[in-house]
Amino acid sequence: MRKQILIVIAALLVVVVGGKTQAKELPFRAAWVSTVYNLDYPSKAALDEQTLRAEAQQIIQTAKKMGLTALILQVRPCSDAFYPSDIFPWSRYLTGSQGTPPENGFDPLAYWVQETHAAGLELHAWINPYRITTGKTAEWENLAAEHPARRNPDWAVEYQENYYWNPGLPQVRQMVIDGALEIVNRYNVDGIHLDDYFYPGQAFQDSETYAAYGGAFDDLGDWRRENVNQLIHALDTELHKADPNIRFGVSPAGIWANQNSISIGSATGGKQSYFANYADSRTWVKEGWVDYICPQIYWQIGHASADYETLARWWAETVQGTDVDLYIGMADYQAGNSDPTSPWYGIEALRRQHILNETLPEVKGEVHFRYGSLVEVSGLVAYYTKVYQMETLPPPALEREKHMAYMQGMQNGFEPYGHLTRAQAAMIFARLSVGQDGAALFDEGKTYETSFVDIDTTQWYAGAVGFMEQYGIINGFQDGSFRPTEPVSRAQLVAMATRFEGQLPSGSSRFPDVAEEYWAKDAICYAAQQGWISGYPEGTFLPEHPITRTEAVKVINRLLHRVPDVQAIQQGAFSMPFGDVPQNFWGYAEIMEAAVAHHYEKKGEAETWTEIVQGT
């Protein structure tokens, strides 16, 4: 992997912040497009050129609308090709007969590259390095005459009625490298992508190859892993010689090794690719032989032996200190189970995983298996469209110039000691949201969709919740709920406020009850540094405690740089609109600042009210 070249690896969105044009880096959002078995493309073999183009367009445009930034197209499923190759025959999944070209000289890969780029998406060419057949011995007998396995049958090994290239042969490694270079040298692809098919299992019959080439190794497993390592390392070197900007990535099985087998492995108990497939993916990361790693973590959060969260955190720790990007392979094909007792009932498992991914800074993207599952599982396209399109929206700002009334009363007045609810907090920040041009963004008469399962669209707060969700200012809980009527905690309010500030620096907590690992620690530290919050006399912050309505307006006033004109308020020049807030109440002036729209003049930090603004 090149070490000295800075590569912009994600899609960029140009936004205007403070009058300056800036590039906003977007996470990698992709889907695998499977051609094997005609799973995704084409829908069946031997389609005409017009239909092949139309099906490609349908996939590309759906991906674009969903907010994906890349597609990973399987261009070599079984040592056959979806492009004219000097090494591999045309794929039977394309034309119905291996070795037969498509009509009119149509080149699917060239078309996909052209059209994905026209849509603003990346196109990564996905190759299976070692698979020759897909589980049927008859396939071997019907290989095209020009298939490299026909010319070199001794390079192949039968394994459980399937055929694979022998990874221990230097000739095989060179063929795989030459095949990848052929793609990079002929097509403007953005990446070369390998999936998880390495050695198919421990019973692979390669004893003669081991005897011939494994003299330096006492252990068969170590020799096999070294064979795969050599392929990965050589691909990294040769691909980047051909194109320094190419992205090389691998999607290994999700478990490298279990902790009870290797101490640095994950706290899991599932199938280990280190031993089962001889894929030492951790070494690829630590040595920098890949640009990105995309582990296939195909289990739910809470799985007894292969917990998604455990594995996501293990991989996040693995890439730390390297220049390898981590993209998580998501099991969208598992979702949509109709059994309410299944962990894959509906799309909730995937939603929880996405929320977890967003909390791990090392996770730079997600890849979905597979495109067909995205469009077939009810609710998935709508969900990903919402959360991914959110990332492309220019971030909102807060209205700090016009002193509008952002706080309203309750049924019995202001209720200064009452708790602010999560829905009320969402409404406050929605009303205060403005674009980079200073114009209000939120329209209370408009419907904004939300993915939270407990939001009744007829309720007064539904629009504000949907609006705030689309910008990522508010988050829900792992069960898919938002809990609008629950009190908002002190930490939750601060977290909402600081999300308008963009990426926060990491800081050390000054509050003894805010631990370094606390989820909102950085938000609380930032708010304290900015003077928006202060602790209690004993020094605590009480992050989990519900915040009162009066405490909330004090925090928000400081956030907005709004300082009440205490002298004019105390002299009675402006009247309090709520009968339950006496003038001697400690938060009287703060409530007036939040609930009474006014014009003002400002000198330094001092604010002098000039008149009340009616009707706002």
Side-chain angles (χ1 to χ4, degrees), residues 8-13 24-36 38-43 47 51-75 77 82-83 108-127 187-193 195 247 249 251 292 294 296 325 327-336 347 350-351 353-354 357-358 363-393 449 451 470:
V8 178
I9 56 98
L12 295 178
L13 173 72
K24 177 184 178 182
E25 186 175 306
L26 299 178
F28 189 79
R29 306 300 192 194
W32 281 291
V33 180
S34 299
T35 59
V36 68
N38 297 114
L39 289 173
D40 295 325
Y41 179 84
S43 60
L47 295 176
T51 305
L52 288 171
R53 291 174 181 268
E55 289 192 355
Q57 279 296 334
Q58 178 65 35
I59 294 171
I60 293 166
Q61 295 307 317
T62 301
K64 179 179 176 63
K65 291 176 183 177
M66 198 185 309
L68 298 186
T69 61
L71 288 170
I72 302 176
L73 176 67
Q74 191 175 33
V75 300
F82 271 67
Y83 54 93
L109 180 53
Y111 184 74
W112 275 82
V113 171
Q114 171 187 304
E115 295 305 310
T116 51
H117 288 174
L121 305 178
E122 294 182 17
L123 193 284
H124 291 229
W126 165 18
I127 63 177
Y187 299 93
N188 186 28
V189 295
D190 299 284
I192 293 292
H193 182 97
D195 57 18
R247 301 275 295 157
S251 56
Y292 66 86
C294 183
Q296 300 172 27
D325 290 318
Y327 309 148
I328 302 293
M330 309 280 284
D332 298 77
Y333 72 96
Q334 297 260 43
I347 66 171
L350 292 171
R351 203 190 70 82
Q353 290 172 354
H354 172 75
N357 293 347
E358 293 293 282
V363 176
K364 304 297 184 184
E366 298 171 349
V367 182
H368 302 280
F369 188 80
R370 54 185 173 78
Y371 172 80
S373 298
L374 288 176
V375 297
E376 291 162 8
V377 176
S378 177
L380 271 187
V381 168
Y383 174 69
Y384 288 129
T385 299
K386 174 170 286 294
V387 297
Y388 289 166
Q389 291 289 4
M390 176 196 309
E391 297 164 350
T392 69
L393 294 172
E449 293 184 3
S451 65
Q470 76 177 2

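Predicted, not measured: the structure shown is a model, and the values here were computed from it.
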I want to check something: taking the side chain as every heavy atom from C-beta on, are Arg29 and Tyr384 in contact at a cut-off of under 4.5 Å? no
Nearest 0.5 Å please: distance from the NE2 atom of His193 over to the CG atom of Leu71. 12.5 Å
State which residues pass ring pair (Phe, Tyr, Trp, His ring centres under 6.0 Å) with Tyr111; sequence neighbours excluded, sorted by chain then number. Phe106
Identify the heavy atoms of Val377 and Ala335 that sit nearest to each other, and give their distance. CG2-O, 3.6 Å
Side-chain heavy-atom pair Leu73, Thr35 within 4.5 angstrom cut-off: yes
Approximate separation, where rounding is to 0.5 Å, of Ile347 CD1 and Gln334 CD: 15.0 Å
Do the side chains of Trp32 and Ser251 get nearer than 4.5 Å, heavy atoms only? yes
Trp112 and Ile60, any side-chain heavy atoms less than 4.5 Å apart: yes
Using distance alone, with no hydrogens and no angle criterion, decide if His368 and Ser373 have a side-chain donor and acceptor under 3.5 Å apart. no
Mutual orientation of the aromatic rings belonging to Phe28 and Tyr327 [parallel < 30°, tilted 30-60°, perpendicular > 60°]: parallel
Does the side chain of Tyr41 reach to within under 4.5 Å of the side chain of Leu52, using non-hydrogen atoms? yes
Correct closest heavy-atom pair for Thr385 and Val381 would be OG1-O, 2.6 Å
Minimum-distance pair of heavy atoms, taken over all atoms of Ser34 and Phe369: OG-CE1, 3.6 Å
How many angstroms lie between atom CG of Asn188 and atom NE2 of His117, to the nearest 0.5 angstrom? 5.5 Å
Are any non-hydrogen side-chain atoms of Phe82 and Gln74 less than 4.5 angstrom apart? no
Value for OG1 (Thr116) from CD1 (Ile59), rounded to nearest 0.5 Å, stands at 11.5 Å
Kindly give the heavy-atom pair with the smallest separation between Tyr83 and Tyr187, and that separation in Å. CB-OH, 3.4 Å
Give me the atom names and distance for the closest heavy-atom approach of Asp190 to Leu121. OD2-O, 4.4 Å
Indicate whether the side chain of Glu366 and that of Tyr388 have a donor and an acceptor atom separated by less than 3.5 Å. yes
Atom NZ of Lys364 and atom SG of Cys294: how far apart are they, to the nearest 0.5 Å? 15.0 Å
Could you pull out all residues at least two apart from Asp40 that satisfy side chain to side chain donor-acceptor pair (under 3.5 Å)? Arg370
For Glu55, which residues count as a side chain to side chain donor-acceptor pair (under 3.5 Å) partner, sequence neighbours excluded? Ser43
For Lys65 against Gln389, the heavy-atom pair lying closest together: O-NE2, 2.6 Å
At what distance, to the nearest 0.5 angstrom, does CG of Leu374 lie from CG of Leu68? 7.0 Å
